[in-house]
Amino acid sequence: MVRYQDQKLQLYNSLTGEKEIFKSINEGLVGMYVCGPTVYSNVHLGNCRTFISFDMIYRYLQHLGYKVRYVRNITDAGHLTDDADEGEDKISKKARVEKLEPMEIVQQYTLDFHNVLNKFNNLPPNIEPTATGHIVEQIEIIKTIIDNGYAYERNGSIYFNVLKFNEDHEYGKLSGRKLEDMIANTRALDAQSEKDNPQDFALWKKASPAHIMRWPSPWGGDGFPGWHLECTVMSSKYLGETFDIHGGGMDLKFPHHECEIAQGEAAHGHSPVNYWLHANMLTLNGKKMSKSTGNSILPEELFTGDNDFMEKAFSPSVVRFFMMQAHYRSVLDFSNDAIVAAEKGFNRLSEAIKTIADLTSSKESSIDAPAWVERCYAAMNDDFNSPILIAELFEGAKMIHAVKEGKQTATAADIELIKETFNAFFYDVLGLETNSKTGSTDSKHLDGAMQLIIDLRTQARANKDWATSDQIRDQLVAAGIQLKDGADGTTYTVK
RNA sequence: GGCGUCUUGGCCGAGCGGCUAGGCAUGGGUCUGCAAAAUCUAGUACAGCGGUUCGAAUCCGCUAGACGCCUCCA
């Protein structure tokens with residue numbers, strides 16, 4: 001269903017620093033590229049936030065009726081361990097430390113990445129290209145950049161000439177940096193770099209004899225590609241030289257995305273991306289999550305409860321809901337209190353959704369469901385404001401309860417509209433899943449057993465045998481099962 | 001040192017010139033044998049100091065603090 005003609009989507013473009021009305025290059029089609037992970041270790045929760053944010057964006061674009069080609073890379077080569085374009089790449093290092101083939105490392109953590117995102121109910125991208133699968137293309141684009149006069153060779157390595165580029169282009173326009181300032185701030189002359197300028201960056205590095213991951217090059221011997229090149233190559237290959245949306249974490253804005261723009265312009269003569277979107281960081285204890293400092297938590301540790309930060313385990317949907325309660329461009333701090341509060345809110349919404357099925361319709365509606373639906377769309381149209389959307393969903397929950405209790409009335413059509421809207425936003429756009437374990441074999445067995453216990457207790461209560469009924473209730477609580485005595489019978493939830 | 005962002009009620013978190021954000025927690029109701037659960041309801045916050053304006057949490061300046069990038073990083 002095409003909705004984008006009616007729903008005016010605005011998004012914040014990092015390149016211009018303003019909210020802009022989104023217009024795709026090709027009517028009805030959207031090309032979106034998101035920088036993926038370097039697969040040399042397990043993805044932590046902070047990494048996940050970025051991918052969950054863009055998953056939500058991807059889902060909403062699809063909901064609006066766009067046909068989206070979503071490309072997200074796997075970085076399985078390059079990316080050195082330290083600055084100045086020197087040293088080992090991370091994957092090789094890990095491979096050496098763990099005595100594995102680099103590609104074993106890549107495989108292991110790629111699988112972990114997929115597995116974790118799958119638990120978070122992320123939709124897979126349409127294309128997930130790897131850097132090592134595009135070495136040929138990277139070499140080709142380097143040749144083009146050299147031919148265009150924006151790169152030079154030094155001892156078998158190729159560097160991007162930032163100064164030259166800046167003469168007829170604007171280096172730093174995305175991150176708001178001025179090349180002159182950067183040069184002025186360069187401390188001393190860092191060692192004997194082969195680069196003409198500290199600002200220059202590597203497109204290709206000659207491999208030292210010990211370097212494991214290496215490919216033949218036209219520049220005298222083996223080498224490996226530079227950090228930023230793969231994204232330029234793979235995005236342009238699958239989405240075209242100019243495409244609609246490029247996303248990634250805020251920390252990639254500089255230098256990574258800045259370099260991508262430079263490479264794209266140097267190779268193709270025009271800017272590669274119309275809308276740059278940056279997702280903000282997830283912090284833990286007020287500091288950015290980072291594996292190197294140990295300030296991070298793994299999703300699996302959250303799901304199992306096996307960690308030092310949280311008092312209990314949390315389901316992936318609860319974690320996702322927690323993230324959706326903050327805007328993707330805001331820093332979000334992860335804490336026990338915050339996630340506990342989110343879980344309760346999440347459960348309340350889930351319960352409200354279930355009660356939609358129990359509503360009885362009236363001839364007239366005293367509620368204004370269509371207006372509420374429009375507010376939901378308005379929230380998402382305003383730069384994917386999921387926290388406002390969730391606030392509206394809570395308003396929806398209030399409507400549902402009011403109708404349930406007969407304080408308000410709704411026509412069958414309005415009830416259907418509410419149901420569709422919850423389905424669309426809660427499940428499809430936010431990508432949440434209710435924690436219903438019903439349907440599994442285990443739960444069928446449990447349901448049967450519980451029904452028996454509930455029946456026995458109901459009899460005891462009918463006989464005013466409070467001692468027995470309370471004993472059943474209390475012991476079940478101790479066993480992690482909570483009984484709820486409602487007007488139309490007793491139900492239970494597993495804690 | 002340079003560039004940038006942020007500071008909202010007990011906690012989390014929207015808002016970006018005038019109108020109740022929302023959630024959690026808390027108080028008070030309803031329901032209930034009692035609970036729990038559910039549900040209704042109450043609170044009036046914007047770091048500090050100046051300024052602009054009829055009017056500022058929202059714009060400008062200064063101060064303080066925090067964070068991010070400047071090196072791989074989602």
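Lettering follows sequence order; numbering is per chain, from 1.
Using a 4.0 Å heavy-atom criterion, one finds that R348(A) contacts the sugar-phosphate atoms exclusively. Heavy atoms of K287(A) sit under 4.0 angstrom from primed sugar atoms or phosphate atoms, though from no base atom. Within 4.0 Å (heavy atoms only), E405(A) reaches sugar-phosphate atoms of the nucleic acid but no base atom. Among the protein residues, A326(A) comes within range of the sugar-phosphate backbone only, with heavy atoms under 4.0 Å from sugar or phosphate atoms but none that close to a base. Counting any heavy atom pair closer than 4.0 Å across all strands shown, L349(A) reaches no nucleic acid atom. Note on S469(A): a base of the nucleic acid sits closer than 4.0 angstrom, heavy atoms only. Using a 4.0 Å heavy-atom distance criterion, L282(A) is classed as a base contact. Nucleic acid contact for N385(A): sugar-phosphate only, since backbone atoms but no base atoms lie under 4.0 Å from a heavy atom of the residue. Contact annotation for E351(A): no contact, since no heavy-atom pair falls under 4.0 Å across all strands.
Counting distance only, with no hydrogens placed and no angle test, the side-chain atoms of D485(A) and the base atoms of A37(B) include no donor-acceptor pair under 3.5 Å. Taking only distance into account, the side chain of D181(A) never meets the base of G1(B) through a donor-acceptor pair shorter than 3.5 Å. For a distance-only test at 3.5 Å, the side chain of R473(A) qualifies as a donor-acceptor partner of the base of A35(B).
When distances are taken from the side chain of K344(A) to each of A25(B), C69(B), U39(B), the shortest belongs to A25(B). Comparing G22(B), C24(B), C67(B) by their nearest atom to the side chain of A341(A) picks out C24(B). Minimum atom distance to the side chain of W466(A) is reached by G33(B), of the listed C70(B), G33(B), G22(B). The nucleotide whose nearest atom lies closest to any side-chain atom of D337(A) is, among C73(B), C11(B), A21(B), C11(B). Side-chain atoms of T50(A) lie closest to A74(B) of the nucleotides U32(B), G2(B), A74(B). Here A74(B) is the nucleotide among C34(B), A74(B), G22(B) with the atom lying nearest to any side-chain atom of K288(A).
Rounded to the nearest Å, the gap between the P atom of G23(B) and that of C40(B) is 9 Å. Comparing the C1' positions of A38(B) and G4(B) gives a spacing of 47 Å, expressed to the nearest Å. Separation of the C1' atoms belonging to C69(B) and G51(B) is 32 Å when rounded to the nearest angstrom. The same atom, P, is picked in A74(B) and in U5(B); the two are 24 Å apart, to the nearest Å. The separation of G43(B) from G68(B), taken at their C1' atoms, amounts to 35 Å, rounded to a whole angstrom. Rounded to a whole angstrom, the distance from the P atom of U32(B) to that of A21(B) is 35 Å. Look at the P atom in both G15(B) and U7(B): the space between them is 10 Å, to the nearest Å. Between the P atoms of U8(B) and A47(B), the separation comes to 7 Å (whole Å).
Residue S330(A) places at least one side-chain N or O under 4.0 Å from the OP1 or OP2 atom of A14(B). For K398(A), no side-chain nitrogen or oxygen approaches OP1 or OP2 of U39(B) to under 4.0 Å. A sub-4.0 Å separation between OP1 or OP2 of U39(B) and a side-chain N or O of K407(A) is absent. Phosphate proximity of A14(B) to H327(A): absent, as no side-chain N or O sits under 4.0 Å from OP1 or OP2.
A salt bridge links E343(A) with K312(A): at least one charged nitrogen is closer than 4.0 Å to a carboxylate oxygen. Ion pairing between a basic and an acidic side chain is recognised when a charged N comes within 4.0 Å of a carboxylate O; R457(A) and D485(A) show such pairing.
Between the side chains of N73(A) and Y33(A), a donor-acceptor pair is found at a separation under 3.5 Å. Between the side chains of T232(A) and E260(A), not a single donor N or O lies within less than 3.5 Å of an accepting N or O.
Mapping I388(A) and G46(A) onto RNA chain B via the closest heavy atom, the residue that lands nearer the 5' end is I388(A). Each of K464(A) and K291(A) lies near RNA chain B, and the nucleotide nearest K464(A) is the one positioned closer to the 5' end.
When the P atom of C31(B) is taken as reference, atom CG of L483(A) falls 22 Å away, rounded to whole Å. Spacing between atom OH of Y12(A) and atom P of C16(B) amounts to 14 Å, rounded to whole angstrom units.
Using the six-membered ring where Trp is involved, F346(A) and F426(A) have ring planes that are parallel, under 30° apart on the 30 and 60° scheme.
By the 5.5 Å and 30° criteria, F394(A) is not stacked with the base of G23(B).
For the pair R177(A) and F254(A), the distance from NZ or CZ to the six-membered ring centre is under 6.0 Å and the angle to the ring normal is within 45 degrees.
Aromatic ring centroids of F54(A) and F384(A) lie 6.0 Å or more apart. For F51(A) and F113(A), the ring centers sit closer than 6.0 Å to each other.
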